[in-house]
Amino acid sequence: MRFATATAIRDYPPAAPDSAALAPAAVRGEIDVRLAMRHAGERTLRLRYELVGRVDAPVVLVAGGISAHRHIAANAVFGEKGWADGLVGCGRALDPAHRRLLGLDFIGADGELDVPIDTADQADAVALLLDALGIDSLHGCVGYSYGALVGQQLAIRHPQRLGRLVAVSGAHRPHPYASAWRALQRRAVALGQLQCAESHGLALARQFAMLSYRTPEEFGERFDAQPEVVNGRVRVAAEDYLDAAGAQYVARTRVNAYLRLSESIDLHRVEPAAIGVPTLVVAVEGDRLVPLSDLVSLVEGLGTRGSLRVLRSPYGHDAFLKETDRIDAILANALRLPGENA
Ligand SMILES: CC(=O)SCCNC(=O)CCNC(=O)[C@H](O)C(C)(C)COP(=O)(O)OP(=O)(O)OC[C@H]1O[C@@H](n2cnc3c(N)ncnc32)[C@H](O)[C@@H]1OP(=O)(O)O
């Protein structure tokens with residue numbers, strides 16, 4: 001039997017004891033839980049979350065890719081840049097005046113957990129977090145990339161806690177070609193470790209990953225300049241950009257976090273028919289990581305519970321983060337409450 005309990009909770013800033021009206025618009029907290037993991041036995045884990053928005057508003061879990069975290073967007077309490085600033089704000093589908101937004105750090109994201117992590121474990125952790133926060137059910141889950149995989153597991157394992165799922169750029173199984181790319185990225189890390197240059201390996205892995213998140217069309221537009229000869233070596237136009245992407249990633253990511261979450265994508269495999277809630281699948285034509293054909297299969301397997309929106313974007317797998325107006329329009333429909341204006 002899977003065993004899971006929440007054992008502690010801390011909030012920042014501290015919530016006002018007796019008045020919901022005085023509660024801050026944004027809180028962060030962390031709880032310790034015991035979780036029986038699918039491949040790693042029972043573990044004590046720390047779950048970190050951020051909740052933003054009107055306290056009586058319907059709650060929407062917003063879960064991003066493996067490099068996302070609990071801070072979805074800048075807000076009055078926590079002003080630093082979030083990972084999806086373009087999708088949150090006044091008048092948006094994800095407007096904290098009308099929806100309470102729950103963000104979390106995936107288990108494993110702190111680099112402390114060096115074991116195989118299943119998307120089912122992530123979903124069970126979400127359920128424990130909801131218990132600890134006193135949230136019976138979510139109005140919806142918007143999951144992008146890895147977050148979409150976790151959303152699928154939530155919809156399978158805890159359907160009573162979820163009203164609807166919007167799964168963007170995440171299929172019921174990884175495409176074998178994408179898994180092969182990720183396996184080589186992980187080998188780049190291993191090679192770096194062998195050379196006592198772990199961060200170089202991680203940076204290289206991220207640079208390869210960036211190529212899979214974007215498209216040849218975008219690179220063709222953006223990096224069409226002549227190569228330069230620098231210190232006797234040829235340097236192509238995209239290299240500065242890739243170097244910057246690698247350096248940014250290394251500065252904020254622990255190697256174990258990258259490796260274990262990358263593996264977790266490859267472990268993911270669910271039966272679409274088992275997804276027990278209405279699910280909107282959003283696909284991006286030209287996504288090199290999650291092909292449209294796999295998302296069509298997912299929707300076919302969902303039967304009457306599934307629907308599909310297809311975007312065409314030069315940003316490929318990153319379209320969720322780049323095509324924010326178009327994504328917002330999709331979310332506005334998907335997350336609308338009865339009686340709310342279009
Ligand atoms: C299954 C999964 O879960 S996989 C997860 C998938 N998704 C991700 O992890 C997201 C990956 N994408 C990124 O991280 C992207 O950088 C995004 C989406 C956050 C931003 O993309 P864009 O808006 O196109 O920014 P862009 O990629 O052009 O630039 C990123 C940074 O590189 C810098 N940069 C861009 N071009 C250059 C260049 N030629 N030389 C040096 N630096 C450059 C920019 O200044 C920017 O730095 P800043 O963030 O400090 O402003």
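Just so you know, these numbers come straight off a predicted model, no measurement behind them. Remember, it's 1-based here, ligands and their atoms both numbered in the order they're listed.
Atom 31 (C) of ligand 1 has its closest protein heavy atom at Gln248 NE2, 3.8 Å. Asp318 OD2, 2.8 Å is the protein heavy atom nearest to atom 12 (N) of ligand 1. For atom 22 (P) of ligand 1, the nearest protein heavy atom (residue, atom name, distance) is Lys322 NZ, 3.5 Å. Among protein heavy atoms, the minimum distance from atom 27 (O) of ligand 1 is reached at Tyr241 OH, 2.8 Å. Here the heavy atom of the protein found nearest to atom 42 (N) of ligand 1 is Ala244 CB, 3.3 Å. Protein heavy atom nearest atom 40 (N) of ligand 1, with residue, atom name and distance: Asp240 CB, 3.4 Å. The nearest protein atom to atom 2 (C) of ligand 1, hydrogens excluded, is given as Ser145 OG, 2.6 Å; this is a heavy-atom distance. Protein heavy atom nearest atom 9 (O) of ligand 1, with residue, atom name and distance: Ser67 OG, 2.7 Å.
Which parts of ligand 1 touch Gly65 is read off a 4.0 Å heavy-atom cut-off, strictly below it: atoms 3 (O), 5 (C). Near Leu321, meaning under 4.0 Å from any of its heavy atoms, are these atoms of ligand 1: 10 (C), 18 (C). Ligand-side atoms of ligand 1 in range of Tyr146: 1 (C), 2 (C), 3 (O), range being under 4.0 angstrom from any heavy atom. Less than 4.0 angstrom separates some heavy atom of Met210 from each of these atoms of ligand 1: 11 (C), 12 (N), 13 (C).
Contact annotation for atom 51 (O) of ligand 1: protein absent (non-hydrogen atoms, distance under 4.0 Å). Using a 4.0 Å threshold on non-hydrogen atoms, atom 14 (O) of ligand 1 counts as touching the protein. Shown here, atom 18 (C) of ligand 1 is in close reach of the protein: a heavy atom of it lies under 4.0 Å off.
Ligand 1 is never approached by Glu239 to a heavy-atom distance shorter than 4.0 Å. Tyr144 counts as a contact of ligand 1, since one of its heavy atoms falls under 4.0 Å from the ligand. Put simply, part of Arg222 is less than 4.0 Å from ligand 1, judged by heavy atoms.
Atom CD of Gln160 has more than 12 heavy atoms from other residues, nucleotides or ligands within 6.0 Å.
If you check the side chains of Arg288 and Ser212, you find no donor sitting under 3.5 Å from an acceptor. A donor-acceptor contact closer than 3.5 angstrom links the side chains of Thr44 and Arg34.
Side-chain atoms of Arg182 never come within 3.5 Å of backbone atoms of Asp266 as a donor-acceptor pair (strictly under, hydrogens ignored). Looking only at distances, no side-chain donor or acceptor of Ser145 sits under 3.5 Å from a matching main-chain atom of Gly64. With hydrogens and angles disregarded, a donor-acceptor distance shorter than 3.5 Å links the side chain of Arg326 to the backbone of Arg312.
For Asp131 and Arg161, the salt-bridge test passes: some basic side-chain N is under 4.0 Å from an acidic carboxylate O. Using a 4.0 Å cut-off between charged side-chain N and carboxylate O, Glu228 and Arg235 make no salt bridge. For Asp110 and Arg48, the salt-bridge test passes: some basic side-chain N is under 4.0 Å from an acidic carboxylate O. For Glu340 and Arg336, the salt-bridge test fails: no basic side-chain N is under 4.0 Å from an acidic carboxylate O.
Some N or O of Ile66 is nearer than 3.5 Å to an N or O of ligand 1, by distance alone. Polar contact check, His317 against ligand 1: no nitrogen or oxygen pair lies under 3.5 Å apart. At least one N or O atom of Arg214, backbone or side chain, sits closer than 3.5 Å to an N or O atom of ligand 1.
Using the six-membered ring where Trp is involved, Tyr177 and His175 have ring planes that are perpendicular, over 60° apart on the 30 and 60° scheme. Relative orientation of the Tyr144 and His317 rings is tilted, given thresholds of 30° and 60° on the angle between their planes. Note on ring orientation: taking the six-membered ring where Trp is involved, the planes of Phe208 and Trp181 are tilted (angle from 30° to 60°).
Proximity of Tyr213 to ligand 1, defined as any heavy-atom pair under 4.0 Å, is confined to the side chain (atoms from C-beta onward).
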